[in-house]
Structure formats: C-alpha cells, structure tokens
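Only one structure is covered here, and it is reproduced in the block below.
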Amino acid sequence: MSKSIALLGSCGSIGTQVADVVRRLGGRIKIASLATHSNADMLIAQAKEFGSATVCIGDESKLNYVRESLPGVKVLGGKEGFREAAVAEDCDEVIISVAGTPGLQPTLDAIEAGKEIALASKEVLVAAGHIVMKAARDKGVPILPIDSEHSAIFQCLNGEDPKTIEKILLTASGGAFRDTPKEVLENVTAEEALAHPTWKMGKKVTVDSATLMNKGLEIIEAKHLFGVAGDKIEVYIHPTSTVHSMVEFADGAIIAQLGMPDMRLPIQYALLYPERADTNLPRLNLFDVARLEFSKPDYDRFPCLALAKEAAKVGGTLAVVMNAADEVAVSKFLAGEIKFTDIPKIVEAAMSGHNTIHNPTIDEIYAVDGETRRSLAQ
Ligand code: MG
C-alpha cells in the first residue's frame with residue numbers, strides 16, 4: 001500500500017516527527033502537500049526532500065522567497081492557503097498538527113473533501129468536537145488520533161463494541177512538577193516547566209502537562225473521539241508513561257497499550273492504520289521498567305484538571321473559553337509575565353465570566369475564541 005498525505009504544521013514538534021516517520025518508511029508514504037506557519041527555510045528543505053507538489057507558508061511576507069526557492073511547486077500563502085493545502089487533490093490523508101484552533105477550518109475542509117484525518121491538534125476537538133465528529137460521520141471519514149493516549153485508546157478499542165466501554169483510564173506522566181509542593185509551585189520558572197520527565201513535545205503542550213491542563217484537554221478530546229461521557233474518563237498518574245492509556249469494559253476486563261514514550265509510534269500507527277510495520281524505533285523493555293505505578297491526581301495542586309472536567313461536563317463554548325484562556329496564560333507564563341500558579345486563576349476567571357452557548361456554530365466558536373483572547377491580551 002502506498003499513500004499520499006498533506007502535512008499541516010510541518011515544522012513543529014509533531015510535523016518534524018511525521019517527516020521522520022515518513023523517511024523511515026522509505027517511500028511508502030508520499031508528502032504531496034506541506035503547510036507551515038513561518039519557518040520558510042525548513043518548509044523549502046522539506047518540499048525538496050519529499051518532492052511535494054504543493055506548499056503553503058502562513059506568513060505571507062515570505063511568499064516570494066518560498067516561490068523563488070521552489071520553481072515548479074504550487075506555493076500558497078496565509079489562512080486561505082492552509083485550507084487549500086488541506087484539500088490538495090493528490091492527498092488521501094491529512095495530518096493536522098497545526099498549533100491551536102487555526103487547525104479547525106482546514107480540518108473541516110479536508111473532511112468535506114473526503115480525506116482521512118490524522119489529528120494531532122487536540123484543540124480542534126476541544127473547540128468544535130461536536131461539529132468535527134458529525135462531519136466525519138456524515139462523510140464516512142475516519143479520524144485517527146495522533147495524541148499518544150488517544151492512539152492507545154483507539155488501539156484498545158479495535159474490534160470491540162463501543163457500547164461495552166465502562167471507563168476510559170487516561171494516563172498522565174504528572175508533568176515536570178508531579179511531586180513539587182504547592183508552596184514551591186508559586187515560584188517555578190518557565191525553564192523548569194519545560195523539563196518534561198518523559199515526552200519530547202512542543203512548549204505549549206509541555207507547560208500544559210505541568211499544569212495538568214493537557215490531561216484536561218485530553219478528557220474533552222476523548223469524550224468527542226470515542227463518544228464517552230466525561231465522567232467515564234478517569235485520570236491515572238503514571239510517572240514512566242509506559243502504559244499510554246487503557247479501556248475498562250463491561251465485564252471488568254481492562255485492555256492497555258504499552259510502548260516507549262515516543263510520538264513517532266502513534267504517528268506511524270495513524271499513517272499506516274490498520275497496518276503495523278517495523279521501522280526500527282526504540283523498543284520498550286519491560287524488565288527495565290520493572291514496575292508500573294498508578295496514583296490519583298492532586299486536584300488541589302493542579303486546579304486546571306477540575307476546570308477541564310467542568311468544561312467537559314458543561315460542553316459548548318465553555319471549553320472554547322478554557323482553551324483560549326489557557327493558551328494566552330501559557331504564553332504569558334513563558335514570557336515571564338505571570339506566575340505558574342496564575343495560569344489556572346486566569347483560566348478560571350475567564351470561564352466563570354462566560355455565558356455558555358450550547359451546540360455553537362463555527363462562527364460562534366471563532367467569536368468566543370477571539371473575544372476571550374482579546375479580553376486577556378492587555
Ligand atoms: Mg497526549
């Protein structure tokens with residue numbers, strides 16, 4: 001089987017790991033279309049390496065430079081360019097690894113065009129899961145999760161009747177401050193927050209792992225992907241990230257997926273599904289792991305988790321507000337403007353001032369997202 005993909009967000013942490021997996025698969029996957037926000041030089045190098053016919057650069061001031069560097073390649077720009085890159089005719093599957101909600105419209109366009117979706121941007125489902133999942137069902141298009149926990153759950157559900165899911169057991173490493181006392185959390189630095197114990201990821205998701213907001217966003221993501229109520233999704237702190245997540249069924253059986261904490265594994269699974277292949281990635285040795293430990297999350301030290309559970313329960317635009325406020329708060333923390341412990345306070349204040357719209361339209365989602373960001377910008 002050979003496949004042709006569009007890779008949206010090609011220069012980020014996930015995008016570059018997708019490129020690495022494609023390289024390892026040695027010609028089985030073709031990257032026909034590439035899109036990135038602003039890293040023109042990496043985009044040009046990727047287009048040359050993979051022989052891509054279409055590329056898009058979000059930052060339009062670099063459009064001419066990319067055009068001159070890639071003769072014979074269709075070069076698009078801006079938001080509209082992302083949308084066009086997502087529906088490139090010669091692509092079967094679209095990888096969405098664009099940071100945040102800008103991935104939403106291209107995802108919907110790709111579904112509408114009948115493309116398979118491999119989704120790394122959890123914000124797409126957090127903001128508009130009800131719209132995205134319905135569009136995919138209507139079109140008969142699969143949404144293959146790239147988030148490691150959701151890839152694990154997806155694998156645990158292979159051949160199972162979703163109606164028999166009793167509970168989803170979502171594992172969390174606990175992030176950089178798993179054992180840090182509450183009073184110390186006040187003064188932790190961005191550098192400390194970025195030192196993730198097990199996974200190599202982008203900055204936003206690494207800080208989200210430290211606040212446990214990442215796990216909160218993943219509860220909402222799982223709710224939409226697997227059609228399970230938020231209160232059936234339970235978080236397990238599991239420091240080694242060996243078990244990537246589990247599903248408990250009606251008969252009490254628990255099925256787990258284990259592996260190295262390496263994003264290339266879920267990426268490869270989404271690229272080849274339902275096939276598996278050996279691409280010489282590092283293997284898990286259970287004798288080295290020796291012990292699997294699980295504990296309950298500490299809601300007192302990590303208030304973001306409770307906020308996300310509330311957003312999962314209420315649904316609608318409350319999750320949009322939470323997501324946008326978190327993104328603003330995390331960037332302020334990374335810039336040294338606020339404390340680590342201010343992140344949940346900012347998110348909570350934004351959520352408590354919001355009148356939730358249930359079953360929002362795309363326009364309402366964008367309006368609420370924009371309003372939340374504007375009100376927190378000063
Ligand atoms: Mg994850």
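Basis for what follows: all heavy atoms, side chains included, without hydrogens, waters or symmetry-related copies. Read the numbers this way: they start at 1 and go in the same order the structure lists the ligands and their atoms.
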- Side-chain touch Thr171/Lys215, heavy atoms, less than 4.5 angstrom: no
- Item | Pairing of Glu186 and Lys339 as salt bridge, 4.0 angstrom limit | yes
- Validation row: Lys232, Glu166 side chains within 4.5 angstrom (heavy atoms): no
- Distance (rounded to the nearest 0.5 Å) between Arg24 CZ and Ile29 CD1: 14.5 Å
- Task: Quick one: name the protein N/O/S atoms under 2.8 Å from the Mg ion (ligand 1), chain by chain.
- Result: Asp147 OD1, Glu149 OE1, Glu218 OE2
- Query: Stepwise, does the ring-ring contact (aromatic ring centres under 6.0 Å, His included) test hold for Phe154 with Tyr273?
  - Reply: CA-CA 11 Å; Phe154 189 88; Tyr273 175 77; 5.2 Å; yes
- Ring-ring centroid check Phe177 Phe340, cutoff 6.0 Å: yes
